[in-house]
Colleague: 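Supplied in structure tokens, the structure appears directly below.
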Amino acid sequence: MTSQPTLPARRLLLRNARVAPMTTGGTETQLAQIATEGDTITAVGPDVQLEGAETFDCQGRLVTPGLIDCHTHLVYGGDRAREFELRLEGASYEEIAKAGGGILSTVSHTRAASEDALYAQALPRLQAFLAEGVTTLEIKSGYGLDIETELKMLRVARRLGRDHPVTITTTFLGAHALPPEYKDRADDYIDLVAGPMMQAVADEGLADAVDVFCEGIGFTPDQTRRVFAAAKAHNLPVKIHAEQLSNLSGAHLAAAEFQALSADHLEHLDEAGVKAMKAAGTVAVLLPGAFYFLRDTQLPPLDLLRQHDVPMAVATDCNPGSSPMNSLVLAINMACTLFRLTPSEALLGVTRHAAQALGLADRGQIAPGQRADLAVWDLEDPAQLGYRFGINPLWKRIWNGNL
Ligand code: DI6
Ligand code: FE
């Protein structure tokens with residue numbers, strides 16, 4: 001997230017913008033003018049004017065905050081199409097992982113790739129997100145699992161952010177899987193992750209947060225705790241992959257003990273976990289793409305999350321194994337069709353709540369003081385955003401006050 005390109009300050013007045021209310025209540029929109037100065041929204045309302053501004057007529061089109069994808073593994077080497085075939089022949093995601101495929105197959109491709117090659121492979125994926133109105137995107141490491149390759153992945157992510165009109169945030173996910181050289185020595189590997197690996201990441205300022213895959217095929221709650229304690233010592237906020245395939249109460253641990261920004265996946269989350277998340281302000285990040293692609297049948301506990309008023313974000317989980325999806329607009333559709341989110345819940349999920357899942361208070365809403373990151377859609381109603389799929393409804397994208 002550091003070192004954004006500094007672009008010249010600019011005054012922009014978006015006229016006749018159809019603005020969604022951004023509450024869970026409804027989808028009723030209002031026509032408004034939006035003024036931006038430099039990188040900031042300065043006024044929103046029916047009568048707003050801005051002297052000397054470049055004026056831009058939205059002609060009644062829907063304007064939302066720029067979309068935020070708060071959970072991706074966008075940087076990786078190779079693909080896993082062969083594994084997809086194996087799953088179609090009956091193998092499960094967990095069986096493939098246990099046989100040394102899965103994440104570890106991507107690890108060998110990522111280790112073998114140069115920094116430039118990784119960058120080149122990630123580029124079309126990033127461009128697909130930008131073309132659909134994404135203005136902030138999180139990228140995790142976790143396909144290196146050694147110091148050198150974890151740093152390489154995070155450097156590529158930072159470089160993508162420096163070179164493109166988007167805010168990239170980075171998350172260190174050294175505890176994603178056990179690398180082959182540490183077979184049967186998971187605790188030793190956690191020593192490396194929580195010790196020298198995290199130190200190296202922190203020394204270069206390469207991570208904005210720390211994540212752990214807490215799962216039967218990942219790491220135990222105790223191992224997770226050790227990584228999070230180290231993150232805390234480095235002043236890095238934490239996030240967790242939890243309750244995706246089983247319930248290890250990882251979300252509870254992350255929320256209650258470490259005030260996690262978010263707990264992600266959550267198909268097997270129970271009420272104790274939901275309550276702990278509410279108490280800590282931890283966002284529930286829903287990943288319908290992984291649910292879809294793994295043909296999961298266990299739904300996250302949506303009614304409990306609603307009942308306890310836990311903010312819900314929606315993200316792609318863009319990764320080569322469980323969610324090779326490069327469209328946050330499609331994730332909105334899947335959140336509605338598969339998880340029965342309302343269109344306004346889904347919109348909040350890719351804006352305000354996604355910002356909260358990244359610990360960013362300066363974006364995700366159309367309001368004075370927020371960053372001038374906006375998406376103008378060739379649509380009139382927020383419900384249309386999640387309704388049609390396979391066509392890109394973006395009309396214009398504004399990042400940092402620039403069209
Ligand atoms: N859960 C996921 O959905 C991704 N990582 C994780 O911990 C999948 C990673 C992969 O299969 O490559
Ligand atoms: Fe993930």
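Model, not experiment: these values are computed from the prediction. Remember, it's 1-based here, ligands and their atoms both numbered in the order they're listed.
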Colleague: Is it true that Glu115 and Lys152 make a salt bridge, defined as a side-chain N closer than 4.0 Å to a carboxylate O?
Modeller: no
Colleague: Can you check whether Gly101's main-chain N or O pairs, donor with acceptor, with Glu83's side chain at less than 3.5 Å?
Modeller: no
Colleague: Check this for me, if you would: do Arg306 and Glu345 make a salt bridge, where the nitrogen-to-carboxylate-oxygen distance has to be below 4.0 angstrom?
Modeller: yes
Colleague: Write out all pairs satisfying side chain to side chain donor-acceptor pair (under 3.5 Å) with one or both partners inside residues 183-200, taking only residues at least two apart or from two chains.
Modeller: Arg185-Asp188, Asp187-Gln223, Asp187-Arg226, Asp191-Arg226, Gln199-Asp203
Colleague: Decide, yes or no, whether a salt bridge links Glu148 with Arg111 under the criterion of side-chain N to carboxylate O below 4.0 Å.
Modeller: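 Between Arg111 and Glu148 there is no salt bridge, as every charged N stays at least 4.0 Å from the carboxylate O atoms.
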Colleague: Do the side chains of Asp211 and Lys140 get close enough for a salt bridge, i.e. N-O under 4.0 angstrom?
Modeller: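 Between Lys140 and Asp211 there is a salt bridge, with a charged N closer than 4.0 Å to a carboxylate O.
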Colleague: Measuring from the Fe ion (ligand 2), count protein N/O/S atoms under 2.8 Å, please.
Modeller: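 That number is 4, waters not included.
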Colleague: Starting from the N and O atoms of ligand 1, collect every protein N/O partner closer than 3.5 Å and put each pair on its own line with the distance to 0.1 Å.
Modeller:
residue	atom	partner	partner atom	Å
ligand 1	1 (N)	Gln244	OE1	3.3
ligand 1	1 (N)	His265	NE2	3.4
ligand 1	3 (O)	His265	NE2	3.2
ligand 1	3 (O)	Asp317	OD2	2.7
ligand 1	3 (O)	Ser322	OG	2.8
ligand 1	5 (N)	His176	NE2	2.7
ligand 1	7 (O)	His176	NE2	3.2
ligand 1	11 (O)	Arg80	NH2	2.8
ligand 1	11 (O)	Tyr93	OH	2.5
ligand 1	12 (O)	Arg80	NH1	2.9
ligand 1	12 (O)	Arg80	NH2	3.3
ligand 1	12 (O)	Tyr143	OH	2.6

Colleague: Any ion pair linking Glu95 and Lys98 (charged N to carboxylate O, less than 4.0 Å)?
Modeller: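 No salt bridge links Lys98 with Glu95.
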Colleague: Are the charged groups of Asp208 and Arg158 less than 4.0 angstrom apart, N to O?
Modeller: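 Arg158 and Asp208: salt-bridged.
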Colleague: Counting only pairs under 3.5 Å, give me each side-chain donor-acceptor contact of residues 65-77, with atom names and distances, residues two or more places apart or in other chains.
Modeller:
residue	atom	partner	partner atom	Å
Asp69	OD1	His71	N	3.3
Asp69	OD1	Thr316	N	3.3
Asp69	OD2	Thr316	OG1	2.6
His71	ND1	Asp264	OD2	2.7
His71	NE2	His73	NE2	3.2
His71	NE2	His241	NE2	3.0
His71	NE2	Asp317	OD1	2.8
Thr72	OG1	Leu74	N	3.3
Thr72	OG1	Glu138	O	2.6
His73	NE2	His241	NE2	3.4
His73	NE2	Asp317	OD1	3.0
Tyr76	OH	Arg125	NH1	3.2

